[in-house]
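In what follows, every chain begins at residue 1, and chains take the letters A, B, ... in the order their sequences are listed.
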2 protein chains.
Amino acid sequence: MQAAMAINSLNRPHPSLIPTRSEVGRSDVDTAGKAGCGDCVLGKLCLPRIFTSLSQDSVRGHLNSLVRQNKALLKRKDVLFHQGHEFDSLYVVRTGAIKTVMLDENGTEHITGFHLPGDIVGLDGISTSRYATTAIALDSTSVCTLPFAALEKVASQVPDVQHHVFRIMAQEIQKDQHMMLTLGHRSAEQRLAGFLLRLSQHFQHRHLAADSFRLPMSRGEIGNFLGLAVETVCRILTRFQKIELLQTDGRSVSQLDIAGLKALMSTPVREL
Amino acid sequence: MQAAMAINSLNRPHPSLIPTRSEVGRSDVDTAGKAGCGDCVLGKLCLPRIFTSLSQDSVRGHLNSLVRQNKALLKRKDVLFHQGHEFDSLYVVRTGAIKTVMLDENGTEHITGFHLPGDIVGLDGISTSRYATTAIALDSTSVCTLPFAALEKVASQVPDVQHHVFRIMAQEIQKDQHMMLTLGHRSAEQRLAGFLLRLSQHFQHRHLAADSFRLPMSRGEIGNFLGLAVETVCRILTRFQKIELLQTDGRSVSQLDIAGLKALMSTPVREL
DNA sequence: CCGCTAGACTGATTTACATCAAAACAAGGC
DNA sequence: GCCTTGTTTTGATGTAAATCAGTCTAGCGG
């Protein structure tokens, strides 16, 4: 609960106001986020927001209503969508944080990504029209829904939108390839350093402190995501504290030495 | 050279006929592949081919000419596109094989993918409009060029095409995420088993032998791709031979025990 | 034909992590 | 308040895979 507060100190409804339900229904109109995209704290950082700044009025109105209609509120551990369920929408994280988890053939859970405000979730569902992962809220989280069929329709009418969607998807490809590289070729220390730097960058990009923030996920989740044992994550974190690369207190990180971490990233690369 | 022959025993020009040049020029019209998509050996397995089966004649003609115009021929080690260079086209591998290599900040090479006939290369360039990788032919290889600007234009006119491009990109996302999972959570043996199975599947999908084929890449390249040392790849390969999971002779693999490899994949998963 | 290089393979040694085990702490329920 | 349950941390031990150090073979250029 306090975890949620620090992630983004945005003008968000107090936790106590958040309705409790375990899954977001598609039918019920959520009134929590009545404001249009224009008022959103994400500002320019959001995908739909870029749509609304487009020239053609018809499209703008269309999209604005498309996006506005349902803003879902999730509490910790709520599921946004399930692996294997029919794909119909993309979601933009507005506040909070979400993890996407893939259950493999053997029943093991693998975290494929953490998604912070401004990130888009659900892209993995487009190819098979079923979600390839389960999306779970790590904190109290609000998302905007982008029904994909409608998005496709608008995209086919407005080339700029189409182009933008292509770019969004290509960005995801690049991100995943970078992650492949990390997992295949970097040491535990470097993975963790890179992970922290990426988080830091994310916050900075949103005009939040880059050297001091709260981790929305547990050590175990970090380990799972980075292909490391929990113990390794802990040990490296304490090692980083000893070298003064950062300070931790539970899930909050402070005094992040960004330059130091970057140095760590560049020096000793595994030569395969 | 003989390596090229076995990869796909398709009706392809003899290696000696392949012109030698180190990079494919954009301006020179390549006459090597005059036939339209209709005659292509890839048949239904190719992306553009699906376009040409669309209903609208105007679009069909447009796309057919778009794709037909240049079919590039590459010889081993030729570069199709360079990391950092301006992105303008996607490529479909027609015959042969291509690897995509990413050079990281420290100057280390990381192979992000191997691409066999029917695969699409260049998607990583869309987001930044610069290629994120360098694509290098592993064998004598022919590709079809899909200028992206033109593709976008057609996509915005024909919803089916747009949808199809979305799916292609989403497929790449899924593939990469699966690879992340492999690199983060599976043992060396399992990585190699999975790698071989994927190759096998690819060949089977193209109506070629699933249990006997030629590897277009070296052990070193396999290791780099899978995040393993060359020595490990060799050792596991000989181990597999001892357990009768396969036979190798240089780059050719035979008597692949698909069921056995699959069993190996499912049993002992690392619990992180 | 012969040296030369690149790739494939094998063995010995080291090491970075995982695993196992257990304590300390925090948070929520009753 | 105490008890339960999950998370974080630390230490000891084991091991998979990297590294180091070669040999062997196949192509290739002279």
Item to check | Separation of D:dT9 P from A:Gln247 CD (nearest whole Å) | outcome: 12 Å
Checklist outcome for this item: Rounded to whole Å, CG of B:Leu226 lies from C1' of D:dA18 at a distance of 15 Å
Next on the checklist: Can a donor-acceptor pair be found, under 3.5 Å and without considering hydrogens, that links the side chain of A:Asp104 to the backbone of A:Asn106?
Outcome noted: yes
Checklist entry - Name the one of B:Leu261, B:Leu245, B:Leu199 that satisfies side chain to side chain contact (heavy atoms under 4.5 Å, CB included) with B:Leu256? => result B:Leu261
Next on the checklist: What I want to check is whether the side chains of B:Thr248 and B:Gln241 have a donor and an acceptor closer together than 3.5 Å.
Outcome noted: yes
Item to check | Length of the CG-C1' vector between A:Asp249 and D:dT8, whole Å | outcome: 12 Å
Checklist outcome for this item: A:Arg191 CZ to C:dA16 C1', in whole Å, measures 11 Å
Checklist entry - What is the distance, rounded to the nearest whole Å, between atom CZ of A:Arg76 and atom C1' of C:dA26? => result 12 Å
Checklist entry - A:Asn224 CG to D:dG6 P: how many Å, rounded? => result 17 Å
Item to check | Nucleotide nearest A:Ala188 when distance is taken to its side chain, options C:dC17, C:dA18, D:dT7 | outcome: C:dC17
Next on the checklist: Working to the nearest 0.5 angstrom, can you tell me the gap between A:Arg186 CZ and B:His110 NE2?
Outcome noted: 6.0 Å
Next on the checklist: Does the protein touch nucleotides 9-15 of chain C at the base, only the backbone, or not at all? Give it as B, S and - per nucleotide, heavy atoms under 4.0 Å.
Outcome noted: BBBB---
Checklist entry - To the nearest angstrom, how far is B:Lys77 atom NZ from D:dG27 atom C1'? => result 12 Å
Checklist entry - Rounded to the nearest Å, what distance is computed from the CD1 atom of residue A:Ile222 to the C1' atom of nucleotide D:dG6? => result 16 Å
Checklist entry - B:Phe81 vs B:Tyr91 aromatic rings, parallel, tilted or perpendicular, using cut-offs 30° and 60°? => result parallel
Checklist entry - Is the backbone N or O of B:Thr100 less than 3.5 Å from a side-chain atom of B:Thr112, with the two atoms forming a donor-acceptor pair by type? => result yes
Checklist entry - For C:dA8, does either OP1 or OP2 sit under 4.0 Å from a side-chain N or O belonging to B:Arg251? => result yes
